[in-house]
Structures are given as structure tokens and as C-alpha cells.
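If you're wondering where the values come from, they're calculated on a predicted model, not measured in any experiment.
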Amino acid sequence: MDSVTPGSKLYVLKRPAADAPAPTLSLNYAEELNPQQLAAVEAVNGPALVIAGAGSGKTRTLVYRVARLIDLGIPPASILLLTFTRKSAQEMLDRVGYLIGSRSEQVAGGTFHSVANILLRRYGRSVGLEPGFTILDRGDSEDLINLLRGQLGLNDVGKRFPRKRTIADIYSKSANTLENAETILVNDYAHFGEFLEELTKLQQAYETAKRQRQLVDYDDLLVKLRELLHTDETARHNISQIFRYILVDEYQDTNRLQADVVRKLAATHDNVMVVGDDSQSIYAFRGATFRNIMEFPTLFPDTTIYKLEENYRSTQPVLQLANRLIEQAPEKYTKELFTKKLEGPLPVLVQATGENAQSRFIAQKILELREEGVALDEIAVLFRSSFNAFDLELELTRCNLPFVKRGGFKFIETAHVKDLLAHLRVMHNPLDTVSWNRILLLIEGVGPKKAKDVLAALLNTARPYEVLKGGTGRSAHGLRQLASLLEAVAEHDTLTPTELISETMEYYLPVLKDQYDDYPKRIRDLEHLSVMAERYHQLSDFLADLTLEPPNESIIDIEAPDRDNERLVLSTIHSAKGLEWQCVFVIWLVDGRFPSAYAFAEDDELEEERRLLYVAITRAKQELFLTYPINVYDKMTGSVLSKPSRFLDDIPSSFLETWNLIEEDQTYHWS
């Protein structure tokens with residue numbers, strides 16, 4: 001024993017304790033989770049990337065990880081859960097509460113923007129924001145842009161200047177991708193490239209006006225938070241110390257701005273777990289980037305990667321196809337989805353002679369599935385673009401199959417399609433005042449009063465074209481052009497619907513370009529309308545099929561007898577992400593349509609198309625039909641022989657059952 005100084009007070013040093021016993025957990029996590037999920041849930045400190053395959057229990061993993069962190073004694077208020085919707089965050093935290101009780105109520109959960117709003121009201125003064133700043137909604141932002149555009153004299157540039165909504169889109173994408181407006185303009189709005197100088201000047205005025213009036217738009221919430229975290233060291237340290245454990249859902253859908261915010265939120269620690277699936281990164285058009293999830297280990301060195309590969313949704317034959325498809329991607333996190341549902345039918349590849357044969361097959365097969373006991377709301381038809389389903393909508397209506405359409409607009413609701421059809425209806429019935437009113441209002445210089453006066457004159461004369469030619473003022477030129485179109489068509493009463501559409505398109509194209517900033521996309525829709533019209537010989541028949549219901553109702557609202565409230569789902573693939581159905585049809589698997597011809601020039605865009613097909617395939621729980629028409633109409637060359645999607649090239653024939661469609665009265669002889 002060491003010597004002790006006489007008369008001194010003794011202070012006893014305790015021996016170092018053995019390892020403290022682990023806290024008693026309220027749940028048996030090993031019983032609730034599969035081994036891959038458990039490994040991710042048991043992660044505590046340090047950066048973690050969870051690659052969650054389709055249907056692999058991603059949300060369950062997040063929920064149990066939050067619960068376990070709290071179970072370990074970590075203060076709930078130091079946990080931040082970032083999601084893309086407020087509803088998603090609340091549902092997850094409700095589930096955490098169900099597992100471990102009210103302790104979950106102190107967890108900070110919400111969207112990137114809602115969290116940014118809270119932090120900026122507390123720390124925002126260093127970036128020029130007072131706590132009482134006002135958030136502009138999208139409509140307010142567009143109105144402010146419009147006001148400033150007028151003040152800068154940009155309404156009088158002599159040529160068609162972008163509308164306020166398009167300008168707001170350009171500025172928004174610039175903010176979210178951390179790219180300047182010039183880059184966005186060149187890549188996405190090249191037809192407005194001549195206005196770069198004016199748009200830059202307007203953007204500067206917009207930023208100045210917001211700063212002076214203590215206004216922030218939706219994107220500014222993240223822009224300003226990023227600025228705060230970069231420039232205010234004290235605020236960055238304090239915020240990072242508050243949120244010691246950060247979890248991010250759907251990380252593959254984040255943009256550059258959000259990824260940088262996450263990095264700075266974790267400035268004093270690297271306790272960040274992001275969950276996502278690189279194979280389901282499909283929102284580049286919104287500014288999301290595939291690079292974020294691929295570069296996370298670079299952003300956070302020493303990242304541990306966890307993979308969730310057991311699928312609880314689909315059968316093995318469906319997963320076999322999905323695995324092979326994504327295996328061909330040049331850049332990915334390698335994973336192999338598997339399931340305990342080993343049995344199931346092979347996915348079917350269906351070859352149709354043309355688009356209408358494809359539509360008829362789908363309608364007929366759905367009726368058969370319905371008879372076999374599959375509910376309509378357990379069936380979905382998925383497509384890359386909304387216009388891919390236009391012909392199918394008509395066929396389903398003819399078969400009295402009720403459906404709901406998600407993503408994009410329903411065919412008869414698209415403004416440009418309604419515009420063109422209004423011209424055709426006037427050709428068919430000169431007394432159609434509703435259609436007359438619509439086409440007159442498209443003409444420059446014609447307002448509601450002028451349209452009413454012209455319409456009254458048209459209905460009270462036997463020489464309507466003379467009325468149009470006699471117009472005066474700003475509208476005179478447009479009215480004369482309309483008269484020329486209608487007169488030329490009237491002289492050829494043998495024109496087919498397709499020919500009438502072609503004639504009308506020549507007249508309508510300048511109007512379309514003037515009315516809609518996204519006219520290149522709308523032109524493709526109208527070309528597709530022409531394809532649909534090919535099988536009709538009479539305009540009356542074509543229009544009748546497009547107007548089976550009164551004008552104030554959509555064709556999807558048709559009720560089928562004895563079907564209760566079931567609805568077949570038609571959906572763009574983007575809108576179907578995260579959903580599932582027993583039976584899925586994926587249509588228009590034609591090279592040039594899926595993948596889109598516009599993606600051929602860029603490898604990144606082509607690979608996003610591959611991931612889009614992967615998402616579509618992995619929506620199917622049991623039955624999957626991939627369909628494509630052989631004959632496809634091309635505006636320049638007419639009907640051409642199509643090539644099945646290049647994504648099918650590397651799929652072994654044993655992975656698919658192949659069907660060829662023949663008409664009932666056809667006979668086929670094997671050679």
C-alpha cells in the first residue's frame with residue numbers, strides 16, 4: 001500500500017468497473033426482423049447506407065432502428081427522421097410509438113422543408129431572415145415573378161417570353177440541382193435560349209425582392225438552410241449537436257441541395273443512416289440525382305453498407321426477371337432479390353400486331369382475370385408516359401371496365417387534345433357552339449366578348465367563312481387563317497380522320513407553340529392522337545368514341561354494373577412507385593418508346609429508363625405481362641416495324657413465356 005501522509009483526508013479511488021451491462025431492451029428485435037434488417041437496425045454510431053431492394057421492408061427497418069436507438073437510452077429529441085412527405089414521417093413515428101410507447105413523441109420527424117423552416121426561424125438572422133419571414137406558395141412565387149417581369153418591361157420583348165410557371169420551374173430546378181439557370185435553360189428549355197440575359201436579370205430582381213420583403217419560396221427554405229450551415233459556424237455546431245442521429249428515407253430521390261444539407265447537419269458527428277435503392281432512382285426530371293446514393297460512401301468515409309434483399313412482395317419468377325434486368329446496369333450496388341414465394345407463373349412477353357391489338361388483349365385478359373376472382377383494384381396497367389394509355393382508355397370504356405388513372409392527365413382532359421378535337425368537332429358539326437367558342441378563344445386578340453360576337457354572326461349566316469374573313473383589328477389575321485383551314489377541309493369531304501388531323505395540325509401548331517411553353521411534349525401527344533384515328537374511316541365514328549359521356553364527365557367515371565367500387569388502375573410508372581398489385585401489365589415496351597428515343601444520346605438517361613422498367617416489374621406480386629406492338633406509326637415514315645425494348649435483349653428466353661396474338665378467325669399452321 002502506498003504511504004499515507006499523517007493527518008490527511010482520504011479519498012477512495014474506485015476500481016474501473018467491468019463492462020457495464022447492456023440496457024434491457026423492450027423488444028426482441030431478432031425475432032421481429034430478418035438477419036439483414038437486424039444488422040441495419042443494430043447499427044448505432046457512424047455512417048450507414050442501407051440498400052433496400054424493392055419490397056424488402058425498408059420502412060420496417062427504419063421504424064425498428066428508431067425504436068432501438070431510444071431503447072438504448074439515446075434521447076429521442078436527438079434523433080432526426082427526414083422523409084419526403086409529412087404523412088410518411090408521421091406514420092413511421094406512430095409505428096415507433098406503437099412499439100415502445102410515448103418516448104417516440106420527442107423524435108424530430110418531418111420533410112426536409114419543414115425541418116428547414118423550424119431551424120431558419122431560430123437561427124436565420126445570420127443569413128438575413130427574421131423569425132417572422134413569410135413563405136410563398138407556388139402561386140405566390142409565380143405572381144411575384146410575373147409582377148417583376150412587367151416592371152422590367154419583359155412583357156414587351158417582341159417575341160414569346162416564357163410564362164411565369166415555366167420561369168418558376170427554371171429557377172426551382174437551378175436551386176435544387178446547384179446548377180446555374182443557364183445550364184437548366186440549355187438542357188431543358190433550349191427553345192427559350194435566346195432569353196438567357198432577360199431571365200438572369202429577372203432572377204436577380206426576384207431574389208432582391210424576396211430579400212427586401214422577408215419572403216422565402218419553397219426552394220429557399222433549403223437554399224437558405226444550406227447557406228446557414230455553410231457560413232455560420234456556431235449555428236452549424238449547435239444544430240449538429242442537437243441532432244446526433246440522423247435518418248433519411250428514400251435517399252435515392254434526394255437532389256444535390258438536400259445531400260449537401262445532410263452532410264452539414266452531421267458536421268460534429270457522422271451518425272447518419274440513409275435508406276434507399278439505387279435501382280429505383282427515377283426522378284431526375286425533378287432534380288433528383290442517382291449520384292447521391294452512389295457517392296454517399298465518399299461523402300461519409302467509413303460508411304458501412306447494409307443490403308436488404310429478401311422480398312416480401314413478389315414471386316421468384318418475377319424477381320428473377322427484375323434481377324437480370326438490373327444486372328445489366330453498368331453502375332449499381334450489386335444485390336440479388338430473393339423470396340420464400342418460390343412458385344408462380346413466368347412473366348409473359350406479349351407481341352401484338354398494333355396498338356389497338358395490344359389494348360384489346362389487355363381488356364380481354366383483365367375480364368378473364370376478373371372472372372377468375374382477381375379484383376379489379378388488384379390489377380394495374382403501367383406505362384412510361386401518359387399518352388401511351390390513350391388508346392387503351394377507349395378500349396376499356398368500350399368494354400365497360402371502370403378505371404382510375406394516376407399520373408399525367410387523362411386523355412380527354414389534356415388541354416391541347418381538347419383544342420384539336422374542338423376544331424374537328426366544328427368540321428363535323430358547324431353548330432357546335434361550345435367547340436366554336438374554344439377555338440375562337442385560341443386566336444390572338446379574341447376575348448370572351450369578341451368570341452361571343454363572332455359566334456352570333458356565324459350562327460346567323462349561310463356564309464360563315466366570310467364572317468371570319470371579315471374580321472378586323474388584332475384578331476383579323478388569326479380569324480382569316482381559321483377560315484382558310486375550315487374552307488379547305490370543306491372542299492374535300494372524303495378526308496379521313498387522320499388526314500383531317502394532319503390538316504388541322506398545320507394550322508394549330510403555331511397556336512400550340514404560343515399557348516404552351518412545353519409544346520414539344522404536347523406535339524408528341526397530338527401525333528399519337530393521329531395514330532389512334534388511323535383505324536377510323538369516318539370522323540363521326542372517331543368523335544363518338546372520344547365523347548361517350550357528356551362533356552362535363554370524364555370517361556373514367558363510367559360505372560360498370562355489379563362491380564361495386566372496384567377500379568382498375570392505369571398509372572405512369574413514376575406514380576406507381578411504392579405501390580403493388582397482384583397482376584401488372586407494362587405496355588409499349590418498344591425501343592424508342594421505352595426506353596424513350598430522347599434517352600438514347602445520354603448514358604445516364606438511358607440507365608434511368610432501365611431503372612424505370614425495374615420499378616414497373618417489381619410492382620407485380622404474382623402475374624406480370626410485358627406487351628409491345630409490332631407495327632408503330634411514325635409521323636414521318638408512316639407505319640414502321642418496331643423493335644422490342646433493348647432492355648429485353650439480355651433476358652434469357654427461359655425467364656419469359658412468349659405469346660403471339662392472333663385474331664379469332666385466323667388459322668395458324670406450324671411448319
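Remark: the backbone N or O of D277 is paired with a side-chain donor or acceptor of Q252 at under 3.5 angstrom. The main-chain N or O of G128 is found under 3.5 Å from a side-chain atom of Q214 such that the two form a donor-acceptor pair. Between the N187 side chain and the I184 main chain, no donor and acceptor come within less than 3.5 Å of each other. A donor-acceptor contact shorter than 3.5 Å links the side chain of Y171 to the backbone of Q203. A donor-acceptor contact shorter than 3.5 Å is absent between the side chain of S172 and the backbone of A168. At distances below 3.5 Å, not a single donor-acceptor pair connects side-chain atoms of D219 with backbone N or O atoms of A175. Counting only distance, with no hydrogens or angles, the side chain of D217 and the backbone of D220 share a donor-acceptor pair below 3.5 Å. S571 places no side-chain N or O within donor-acceptor distance of the main-chain N or O of I573, the cut-off being under 3.5 Å. The backbone N or O of N255 lies less than 3.5 Å from a partner atom in the side chain of N292, making a donor-acceptor pair. Between the side chain of T504 and the backbone N or O of L500 there is at least one donor-acceptor pair closer than 3.5 Å.
Annotation: side-chain hydrogen bond (donor to acceptor under 3.5 Å, both in side chains) contacts of Y218 (sequence neighbours excluded): H113.
Note on ring orientation: taking the six-membered ring where Trp is involved, the planes of Y283 and H574 are tilted (angle from 30° to 60°).
Nearest approach of P297 to I305, heavy atoms of both residues: CG-CD1, 4.4 Å. For the residue pair V615 and S279, the shortest heavy atom distance occurs at CG2-O, 4.3 Å. F594 and L612 get closest at one heavy-atom pair: CZ-C, 4.1 Å. Nearest heavy atom pair, residue E609 against residue S596, reads OE1-N, 2.9 Å. The minimum heavy-atom distance between A89 and L81, with the atom names listed, is O-CD2, 4.4 Å. Closest heavy-atom contact between L221 and L120: O-CD1, 3.4 Å.
A 6.0 Å sphere centred on CG of D603 holds no more than 12 heavy atoms belonging to other residues, nucleotides or ligands. At most 12 non-hydrogen atoms from other residues, nucleotides or ligands lie less than 6.0 angstrom from OH of Y598. Counting heavy atoms of neighbouring residues, nucleotides and ligands inside a 6.0 Å radius, atom CZ of R165 does not exceed 12 of them. When the shell of 6.0 Å around NE2 of H477 is examined, it contains 12 or fewer heavy atoms from other residues, nucleotides or ligands.
Counting heavy atoms from C-beta on, the side chains of T572 and R384 never come closer than 4.5 Å. Side-chain contact between F647 and Q328 is absent, with no heavy-atom pair separated by less than 4.5 Å. Side-chain atoms of V272 and F300, non-hydrogen and from C-beta on, do get closer than 4.5 Å to each other. Using a 4.5 Å heavy-atom threshold, the side chains of R646 and L606 count as touching. In this structure the side chain of R522 never reaches within 4.5 angstrom of the side chain of K513, judged on heavy atoms. Side-chain atoms of V586 and V584, non-hydrogen and from C-beta on, do get closer than 4.5 Å to each other. In this structure the side chain of V590 reaches within 4.5 angstrom of the side chain of P629, judged on heavy atoms. Looking at I362 and V381, their side chains come closer than 4.5 Å, going by heavy atoms from C-beta outward.
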### Task
Could you please spell out the steps behind the side-chain hydrogen bond (donor to acceptor under 3.5 Å, both in side chains) verdict for S174 and E179?
CA-CA 5 Å; S174 172; E179 295 180 335; over 6 Å; no

### Query
Does the side chain to side chain contact (heavy atoms under 4.5 Å, CB included) test come out yes or no for I246 and V248, once each step is laid out?
CA-CA 7 Å; I246 300 171; V248 186; 4.1 Å; yes

### Query
When you look at S645 and R593, which way does the side chain to side chain contact (heavy atoms under 4.5 Å, CB included) test go after all the steps?
CA-CA 8 Å; S645 172; R593 297 292 185 92; over 6 Å; no

### Task
Could you walk me through whether V275 and Y251 pass side chain to side chain contact (heavy atoms under 4.5 Å, CB included), step by step?
CA-CA 6 Å; V275 181; Y251 191 73; over 6 Å; no

### Message
Run the side chain to side chain contact (heavy atoms under 4.5 Å, CB included) test on Q258 and L82 for me, step by step, so that the C-alpha distance in whole Å, both residues' side-chain angles and the decisive distance to 0.1 Å come before the verdict.
### Response
CA-CA 10 Å; Q258 289 163 326; L82 291 171; over 6 Å; no

### Query
Between R611 and E608, is a salt bridge (charged side-chain N to carboxylate O under 4.0 Å, His left out) present by the stated rule, with each step listed?
CA-CA 5 Å; R611 297 192 294 271; E608 175 145 327; 3.5 Å; yes

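A donor atom on one side chain and an acceptor atom on the other are not found under 3.5 Å apart for Y123 and D232. There is no side-chain donor-acceptor pair under 3.5 Å between S359 and N356. Counting only N and O atoms by type, the side chains of N176 and R256 include no donor and acceptor under 3.5 Å apart.
The pair K643-D649 meets the salt-bridge criterion, with a side-chain N (NZ, NE, NH1 or NH2) lying under 4.0 Å from an Asp/Glu carboxylate O. In this structure, K58 pairs ionically with E250, as a charged nitrogen and a carboxylate oxygen lie closer than 4.0 Å. Using a cutoff of 4.0 Å between basic side-chain nitrogens and carboxylate oxygens, D253 and K577 are scored as salt-bridged. Remark: R291 engages E331 in a salt bridge, criterion side-chain N to carboxylate O under 4.0 Å. A salt bridge is absent between R324 and D650: the closest approach of a Lys/Arg side-chain nitrogen to an acidic carboxylate oxygen does not fall below 4.0 angstrom.
Remark: K210 NZ to S141 OG distance equals 7.0 Å, nearest 0.5 Å. The distance from the CD1 atom of I170 to the CZ atom of F195 is 11.0 Å, given to the nearest 0.5 Å. Remark: L526 CG to I501 CD1 distance equals 8.5 Å, nearest 0.5 Å. With rounding to the nearest 0.5 angstrom, the NZ atom of K224 is 4.5 Å from the CD atom of E227. To the nearest 0.5 Å, atom CZ of residue F285 and atom NZ of residue K173 are 9.0 Å apart. Atom-to-atom distance recorded for R211:CZ and Y206:OH is 13.0 Å, nearest 0.5 angstrom.
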Tell me which donor-acceptor pairs under 3.5 Å the side chains of residues 143-154 have, and how far apart each pair is, sequence neighbours excluded?
{"unit_1": "D143", "atom_1": "OD1", "unit_2": "K164", "atom_2": "NZ", "d": "2.9"}
{"unit_1": "N146", "atom_1": "OD1", "unit_2": "R149", "atom_2": "NE", "d": "3.3"}
{"unit_1": "N146", "atom_1": "OD1", "unit_2": "R149", "atom_2": "NH2", "d": "2.4"}
{"unit_1": "R149", "atom_1": "NE", "unit_2": "N155", "atom_2": "OD1", "d": "2.9"}
{"unit_1": "R149", "atom_1": "NH1", "unit_2": "P162", "atom_2": "O", "d": "2.7"}

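D278 pairs in a salt bridge (Lys or Arg N to Asp or Glu O under 4.0 Å) with only one of the listed residues (K332, R610, K335), which is K335.
Close placement of the H423 and Y507 rings is indicated, their centers lying within 6.0 Å of each other.
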